[in-house]
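A short worksheet on the structure shown next.
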Amino acid sequence: MKTSAVRGTAVEPPVEPPVEPPVQVSVAAVPAPASGSPSQGLLRLLDWRVRFAALGLVWGFSFLFMKVGNEAFAPLQVTLGRMVFGTAVLATAVAVKRERLPRGRRNWLHLFVAAFLLNSLPFTLFATAEQTIPSMLAGICNAATPLFSMLVSLVALSEDRPSRQRFAGVGLGFAGVLTVLGAWQGFAGQDPKGTMMALAAAISYAVGWAYVRRTLSGSGSSNLAMSASQLMLGTLQLLLVTPFFTSMPSSYPAKSVLSVLALGALGTGMAFLVQYGLVAEKGPTIGSMVTYLIPIVATAAGVLLLGESLSWNEPVGAAVILVGAALTQRRPKGARA
């Protein structure tokens, strides 16, 4: 989520917030580390603000990493590499902490669906979209995830009560999307197919989050174990599909290989672990606010490092989207988060 697996997204449930999270996380259920535990000692080494900024940077740069990975590999291969390296990081963390993987066929079936909606599908859609649209536009489209999440929750989650403020946020957010796309000039300069793919990825995150909330809440397993399991299933899905739709790369340039490695190990694996600790220490509200850094970082990285052109309507539209997204996340006092 954008995280971030059970971006992880994102967000947020097992994997990364309503963001590129690469792996999406059920921030509300993350337990605080025990007093005096090694993880708590590590948390003290870095102020939470530093980790918050680092998380925004990593998830924002994920769109640049996908763009560079696409230079040598097919989008499915970029996504597969991302999943493999992300799974390796989370599996290692599970082994070190001796977490128990989820049990029960029903849980694994729900995790399989969650892996498709929160990882395999949106990651592939974003990577494919970036073949024809700038990485910064993909990052801005990712910021629309909270808007779609509210609309999906109204249909799928009966406990979510709409309010005038939240509806206003949706309307404002979609006005921002139209501003980014330059609707008044017939969407000139943007590839419609690529843009729709990026927006479809954001919708997939929203549907995935609603699905996880309905099916995996209270599963009894830790978020770390659920996230690792979800990523493993997503990796399996891509391993089964990728060979039939891609051919072996003709070369393996270091720049693209390192980008895919960073996308998986940092943007999907380590980012989830950082968010896990951040939410445990500061709570889900702070953990979810990283969503608003992602399009800023993605835009800056695209312009400064990839030479992507920036028109006035893109940053203005992105700001409007973020304001709308913030309004959709606000609930009346006393409402259940």
| Side chain proximity check, Phe52 to Val274, heavy atoms < 4.5 angstrom | no
| Ring centres of Phe116 and Tyr211 under 6.0 Å apart? | no
| query | With no hydrogens and no angle check, is any side-chain donor or acceptor of Lys255 less than 3.5 Å from a backbone partner on Gly69? | reply | no
| field | Polar side-chain atom of Trp48 near backbone of Glu281 as donor-acceptor pair, under 3.5 Å | value | no
| field | Same apolar cluster (I L V M F W Y, side chains within < 4.5 Å links), Leu125/Val177 | value | yes
| Do the side chains of Met197 and Glu130 get nearer than 4.5 Å, heavy atoms only? | no
| message | Between Phe272 and Leu90, does the side-chain contact (heavy atoms from CB on, under 4.5 Å) criterion hold? Intermediate values first, please. | response | CA-CA 8 Å; Phe272 168 76; Leu90 292 190; 3.4 Å; yes
| said: With rounding to the nearest 0.5 angstrom, report the CG to OG distance, Leu121 to Ser204. | reply: 4.0 Å
| task | Find out if a path of hydrophobic residues (ILVMFWY) with successive side-chain heavy-atom gaps under 4.5 Å connects Phe245 to Val260. | result | yes
| said: Using every non-hydrogen atom in the two residues, find where Asn313 and Val180 come nearest and quote the distance to one decimal. | reply: ND2-O, 2.9 Å
| Gap separating the CD1 atom of Ile133 from the CD1 atom of Ile140, nearest 0.5 angstrom | 9.5 Å
| task | Heavy atoms only: give me the nearest Gly324-Leu172 pair and the separation to one decimal. | result | N-CD2, 4.0 Å
| request: Flag the pair Pro75 / Val78 as yes when at least one side-chain heavy-atom distance between them is below 4.5 Å, and no otherwise. | output: no
| query | Is there side-chain contact between Leu101 and Met232, with at least one heavy-atom pair below 4.5 Å? | reply | yes
| task | Taking the side chain as every heavy atom from C-beta outward, state whether Thr299 and Pro315 have any pair of such atoms under 4.5 Å apart. | result | no
| field | Verdict with reasoning, Ser120 to Gln237, per side chain to side chain donor-acceptor pair (under 3.5 Å) | value | CA-CA 7 Å; Ser120 302; Gln237 292 170 1; 2.7 Å; yes
| message | Rounded at 0.5 Å granularity, tell me how far CE in Met150 sits from CG in Leu327. | response | 10.5 Å
| said: Using every non-hydrogen atom in the two residues, find where Thr246 and Ala74 come nearest and quote the distance to one decimal. | reply: CG2-CB, 3.7 Å
| Please walk me through it: do Gln77 and Thr242 pass side chain to side chain donor-acceptor pair (under 3.5 Å)? | CA-CA 7 Å; Gln77 293 168 342; Thr242 302; over 6 Å; no
| task | List the atom of Val152, the atom of Ala210, and the distance in Å for their closest heavy-atom pair. | result | CG1-CB, 3.6 Å
| field | Side chains of Leu111 and Met226 in contact at under 4.5 Å (non-hydrogen atoms) | value | yes
| task | Given side-chain contact (heavy atoms from CB on, under 4.5 Å), test Gln131 with Lys67 step by step and report yes or no. | result | CA-CA 7 Å; Gln131 289 185 313; Lys67 192 75 170 181; over 6 Å; no
| request: Indicate, with yes or no, if Leu76 and Leu239 share a hydrophobic cluster defined by side-chain heavy-atom contacts under 4.5 Å among Ile, Leu, Val, Met, Phe, Trp and Tyr. | output: yes
| Joint cluster assignment, Ile296 & Val290, ILVMFWY side-chain distance < 4.5 Å | no
| task | Indicate, with yes or no, if Leu261 and Phe63 share a hydrophobic cluster defined by side-chain heavy-atom contacts under 4.5 Å among Ile, Leu, Val, Met, Phe, Trp and Tyr. | result | yes
| query | Counting N and O atoms only, with roles assigned by atom type, does the side chain of Thr87 sit under 3.5 Å from a partner on the main chain of Ala228, one being a donor and the other an acceptor? | reply | no
| said: side-chain contact (heavy atoms from CB on, under 4.5 Å) for Val170 and Phe148? Distances and angles first, verdict last. | reply: CA-CA 8 Å; Val170 171; Phe148 295 122; over 6 Å; no
| said: How close do Ser309 and Glu314 get, counting heavy atoms only, and between which atoms? | reply: O-OE1, 3.8 Å
| note | Output for pair (Arg82 CZ, Leu231 CG), nearest 0.5 Å, gives 9.5 Å
| Atom pair OG/CD1 of Ser62 and Ile294 - distance to nearest 0.5 Å | 8.0 Å
| query | With side chains defined as the heavy atoms from C-beta onward, is the minimum distance between Phe126 and Met66 less than 4.5 Å? | reply | yes
| task | Can you measure from CG (Asp191) to OG1 (Thr195) and round to the nearest 0.5 angstrom? | result | 6.0 Å
| task | Heavy atoms only: give me the nearest Thr145-Ala202 pair and the separation to one decimal. | result | OG1-CB, 3.5 Å
| query | Does the side chain of Val297 come within less than 4.5 Å of Trp59's, by heavy atoms? | reply | no
| Stepwise side-chain contact (heavy atoms from CB on, under 4.5 Å) test for Val257 and Phe73 | CA-CA 9 Å; Val257 171; Phe73 309 119; 3.8 Å; yes
| task | Verify, without hydrogens or angle tests, whether Asn70 (side chain) and Ala127 (backbone) share a donor-acceptor contact under 3.5 angstrom. | result | yes
